[in-house]
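This report refers to the structure that appears directly beneath it.
We're numbering straight along the sequence, starting at 1. Atom set for the values below is all heavy atoms of this structure, side chains included, hydrogens, waters and symmetry mates excluded.
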Amino acid sequence: MDVLNNPYNFQLGQLFQMAARINKNRSFLFVSKVLGKHLAVNPKIPLLVGSLLAIRYLEVVYGESDPRAQKIANAIQTNEGLEEIWGSLQKAPISLPKATTFVGFAETATALGHAVFSSFSNNAKYIHTTREQIDSLTSIINFEEEHSHATSHRVYALDAEFFKDGSEVVLVDDEVTTGKTAINIIRTIKAEYPLKNEFTVVSILDWRTPEYRERYRQLEEELDIKIHTIALIDGVVSISGTPTTDEYEMKTDHTFQPEVSYLPVSHLLSSDSLQQSSSTSVNGISNKSSYLHATGRFGLSIQKEKEFSNQIQAVANYVKEKRRGKKTLVIGTGEFMYLPMHIAAQMGEGVYFHSTTRSPIYHTNSNDYTIWQKFNFDSPENQGVTNYLYNIQANQYDEVFIIFERMSSLDAASPLIEELARVNLPYINIVNMTEIVE
């Protein structure tokens with residue numbers, strides 16, 4: 001790995017570790033240590049990573065600096081001073097010079113994109129792509145991510161005019177290796193909205209080769225556009241060798257029975273925060289429960305973001321009161337990451353955040369390898385799709401809160417609960433944000 005640009009002096013090991021990916025199109029994965037997807041983290045860390053990228057965006061595109069940048073980087077690097085710098089950003093969010101549309105990529109970067117967007121005080125709106133097929137709604141943008149297990153992305157903006165303005169488009173992903181996904185969506189947006197002529201690709205890691213960097217320049221000339229790139233680490237990486245496929249199965253207790261509690265919180269949310277749309281899972285199960293506008297899946301202005309944040313704070317306070325232990329794990333599910341992460345960040349000390357994923361990774365306990373344990377289960381949101389959780393030790397946490405945006409039934413969570421019971425979690429709390437509709 002050759003690092004070309006490292007503006008905040010991160011050590012590579014502070015941001016990621018490598019793992020072998022079960023994917024015929026790409027055999028490796030940068031497992032982020034600051035994203036809260038495949039590895040559990042202090043929930044304030046991924047939120048601060050979003051803020052640091054927001055500040056870096058201002059530095060590169062507008063030439064404006066923020067004295068808090070290095071303090072944020074230091075907090076992420078040392079895991080110290082997180083509360084102080086997070087409080088500073090909450091009290092004095094970043095000012096954005098002009099109208100900007102932020103787009104987070106599903107699945108992994110939905111929370112990262114939201115964290116970048118929510119760092120601003122003005123001129124910002126957000127939407128994230130989704131792999132879900134939402135009934136009765138039509139996607140206004142469709143594009144492909146060739147290397148992913150779920151290649152098709154959709155964008156369900158309720159406002160038909162969402163992209164029909166002069167705002168710059170900022171695309172947020174966790175890492176860029178070839179840049180093909182960004183090229184695909186830029187082509188699609190430019191074809192649908194010809195007035196769009198300025199784009200920025202924001203990521204934690206940018207590992208494009210000179211050849212792929214040249215493709216951005218060629219696209220700029222072809223479409224008569226400008227593409228900025230922002231990253232915490234910018235460099236070139238080469239991957240060689242064949243990953244091992246010998247997976248280790250850790251011995252766990254299959255007889256342990258945790259205490260499972262169901263915590264509905266829909267009474268804390270206003271009716272205007274709900275989107276009445278249904279979905280159909282891969283195996284044909286209908287989910288008629290509402291979505292949340294606060295996720296940004298349907299488009300979200302920074303003004304609405306601030307309004308919804310009061311309701312999310314109420315949920316966090318309610319869930320915090322239910323804590324029984326000193327070391328608590330909060331789990332988000334699939335694309336539903338940002339709100340559970342934000343709730344976790346407001347639940348007090350000793351709270352960690354993690355998310356389920358549809359990304360399959362090889363696991364083994366040899367040679368200090370990154371992923372040493374894997375849980376497999378049917379997706380609670382999209383039955384018929386296998387989901388995964390990684391690296392939860394037996395007796396590691398006193399309790400877990402699994403936060404769902406919407407559930408088709410309580411039984412949908414059973415496969416995940418059964419897997420978590422293997423590691424002796426005494427208390428499993430199911431937090432459902434919207435009311436179940438049978």
inquiry  = Could you walk me through whether His293 and Lys304 satisfy the side chain to side chain contact (heavy atoms under 4.5 Å, CB included) test, starting with their C-alpha distance in whole Å, then the side-chain angles of each, then the deciding distance to 0.1 Å, before giving a yes or no?
reply    = CA-CA 9 Å; His293 285 297; Lys304 279 293 184 182; over 6 Å; no
Is there a side-chain contact between [X] and [Y] in this structure, where contact means two heavy atoms from C-beta onward sitting under 4.5 Å apart?
X      : Y      : result
Phe10  : Leu52  : yes
Phe117 : Val170 : no
Leu232 : Leu53  : yes

Between the side chains of [X] and [Y], is a donor N or O closer than 3.5 angstrom to an acceptor N or O?
X      : Y      : value
Ser203 : Glu175 : no
Glu59  : Ser65  : no
Arg406 : Ser279 : yes
Tyr338 : Ser118 : yes
Ser278 : Asp135 : yes
Glu132 : Tyr291 : yes

ask   = Cation-pi between Lys196 and Phe163: NZ/CZ under 6.0 Å from ring centre and within 45° of the ring axis?
value = no
For the pair [X] (side chain) and [Y] (backbone), establish whether a donor and an acceptor sit closer than 3.5 Å, ignoring hydrogens and angles.
X      : Y      : value
Tyr397 : Ile392 : no
Asn429 : Val400 : yes
Thr333 : Ile331 : no

ask   = Looking at the rings of Tyr388 and His363, which for Trp means the six-membered one, are their centres under 6.0 Å apart?
value = no
